[in-house]
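Here is how names work: the chains are called A, B, and so on, in the same order as the sequence lines, proteins then strands, and each is numbered from 1. Keep in mind it's a predicted model, so treat the numbers as computed, not measured.
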2 protein chains.
Amino acid sequence: MNGWDALGAEGPLYQSVQRQMLAALEQGEWRPDEAIPSEKRLCDRFGVSVGTLRKAIDALVADHLLVRRQGLGTFVASHSRPRQFFQFFNISPHDGPRTYPEITLLQFGFGKADRTAAEKLAIPLQSDTIKIKNLLLMQGRPVIVDTITLAAQRFKGMTEELVRNRPNTLYRLYLDAFSVNVLRIDERVRAATVNAATGKLLGLKVGDPVLEIRRIALTFNRQPVEWRISHVNTHHYEYVHRDVVE
Amino acid sequence: MNGWDALGAEGPLYQSVQRQMLAALEQGEWRPDEAIPSEKRLCDRFGVSVGTLRKAIDALVADHLLVRRQGLGTFVASHSRPRQFFQFFNISPHDGPRTYPEITLLQFGFGKADRTAAEKLAIPLQSDTIKIKNLLLMQGRPVIVDTITLAAQRFKGMTEELVRNRPNTLYRLYLDAFSVNVLRIDERVRAATVNAATGKLLGLKVGDPVLEIRRIALTFNRQPVEWRISHVNTHHYEYVHRDVVE
DNA sequence: TTACATTTGTTCGTATGTATA
DNA sequence: TTATACATACGAACAAATGTA
């Protein structure tokens, strides 16, 4: 025994299996919403017992990359199901249940990465970017203005029509049309005073306080794929975050 | 087979074991930072196999109630270790690593629950409460003002000296002195304008924008134990939140 | 240093139960 | 009803980490 497994890397066997399955996911061998092979078949493929395989799958399920459905199979996670919309939507009414926003595309265009965008997206200064600006209405009220920057490199062929006519969320569009799977987000929130343009959209006076949310959306390997600044009128809505010990 | 287990409730055996272990934790049979009995002993006690017991423990470890240490044993989680301080501290510099705040007690006193406090803490209107006000300095700068409300019922014998002389975090004091184990928090963030008193503490002019964080801290069974409003000067610091798909 | 006991970690294999089409 | 797939449960064997004699 030399401690080396088939697909690189040391460590327990189940972690090796986990890495191999992660690679299959990254390389698109198994597509979102599709079932992966059955446990039996995967045991054969990786040459391990059920218990070991299940431990690998357990880890990927815990990471929310896979979803198990008894009697059906194990599926690759995605943003298609409606209940998953709210996954990365942390704005909620002060009281009462979450509501679904109505989204209006304000702007779509191309640009060059400024210093912030270049840093956040880990791309060269002045490289090509795509800019999207959205207004989100909640129960008829303007609540959020999103300013989104993408690396054109990663989203070749993106058009205003694609964004405007998307049947699902933006992140679902990233996945379906560009194979970009957003797995986690990193948000930082500040208090700011609203400027004239955004204030007008949100029905606020210049200088009124708003939340400024700076988000980086990440895919496999924590690679950044989207840089987004949101301004939120928190008069009726607020930013929600739940946390547990660890 | 009738589907009923010894300690109430239906469902899989490992969940029954999990419930029994949770009960032992709630009732203080196993104290924070102490080791629970070995797997072998617990198997005997609950009359299950290692695999089943481990699955129950796995769930409690995933909930961060227990921590495993190979060769040592399985321990009850706590807030004593320094790295755990930041668990519920979501304020970080705009750039650079997290820093530890210097905390000053501004006020300690007793009061009666107003409507908000009563609702958030799920206690009767006008019932006795404890009020704590803290100023937090980060690298010498005033950044946060915390206004904390506790149900006196749950924290009998709380004194200013206990708060002032606590060796660890406030949540560690709750645990050690009152057996109140904070397991999760629910935070809602709004943009607000600072008032005169808080503005003076934070070095801001009246009307300057601040974050207003409204936190409920919860123990077992999602019972609320603390209601806290924080006002944050986000000129150099910001609220951080990471999120993954699920 | 060494040896040993204890405890959790990993892996295997098998059997049976439950959900779905 | 039947076949398939995941879920639960058992137990055994060995590895790795830790503390102590």
Please check the phosphate of [N] (OP1 and OP2 only) for any side-chain N or O of [X] closer than 4.0 Å.
X: B/R54; N: D/dA9; result: no
X: A/K40; N: D/dT4; result: no
X: A/T52; N: C/dC12; result: yes
X: B/R69; N: C/dT8; result: no
X: A/T74; N: D/dA5; result: no

Donor-acceptor pair under 3.5 Å, B/Q70 side chain vs D/dA16 base: yes

Separation of atom [atom1] in [X] from atom [atom2] in [N], rounded to whole Å:
X: B/Y14; N: C/dT16; atom1: OH; atom2: C1'; answer: 16 Å
X: A/F75; N: D/dC6; atom1: CZ; atom2: P; answer: 9 Å
X: B/L72; N: C/dT6; atom1: CG; atom2: C1'; answer: 10 Å
X: B/K55; N: D/dC6; atom1: NZ; atom2: C1'; answer: 10 Å
X: B/I36; N: C/dT7; atom1: CD1; atom2: C1'; answer: 12 Å
X: B/L60; N: C/dT8; atom1: CG; atom2: C1'; answer: 16 Å
X: B/Q15; N: D/dT8; atom1: CD; atom2: C1'; answer: 11 Å
X: A/D44; N: C/dC12; atom1: CG; atom2: P; answer: 13 Å

Please list all pairs passing the salt bridge (charged side-chain N to carboxylate O under 4.0 Å, His left out) test where one or both residues lie in residues 40-49 of chain A, with sequence neighbours left out. A/E29-A/R45, A/K40-A/D44

Salt-bridge criterion met for A/R172 and A/D33 (N-O under 4.0 Å): yes

Please work out if A/G51 contacts a base, only the sugar-phosphate, or nothing of the nucleic acid, heavy-atom cut-off 4.0 Å. nothing

I want to verify a distance call: between D/dC10, C/dT7, C/dC12, whose nearest atom is closest to the B/V48 side chain? D/dC10

Any idea which of D/dA9, C/dG9, C/dC12 is nearest the B/L13 side chain? D/dA9

Does the side chain of A/Y237 come under 3.5 Å of the side chain of A/Q139 through a donor N or O and an acceptor N or O? yes

Measure the spacing between NZ of A/K120 and CD1 of A/I229 and express it to the nearest 0.5 Å. 9.0 Å

Check side chain to side chain contact (heavy atoms under 4.5 Å, CB included) between B/S92 and all other residues, then give those that pass, not counting sequence neighbours. A/R188, B/R98, B/V240

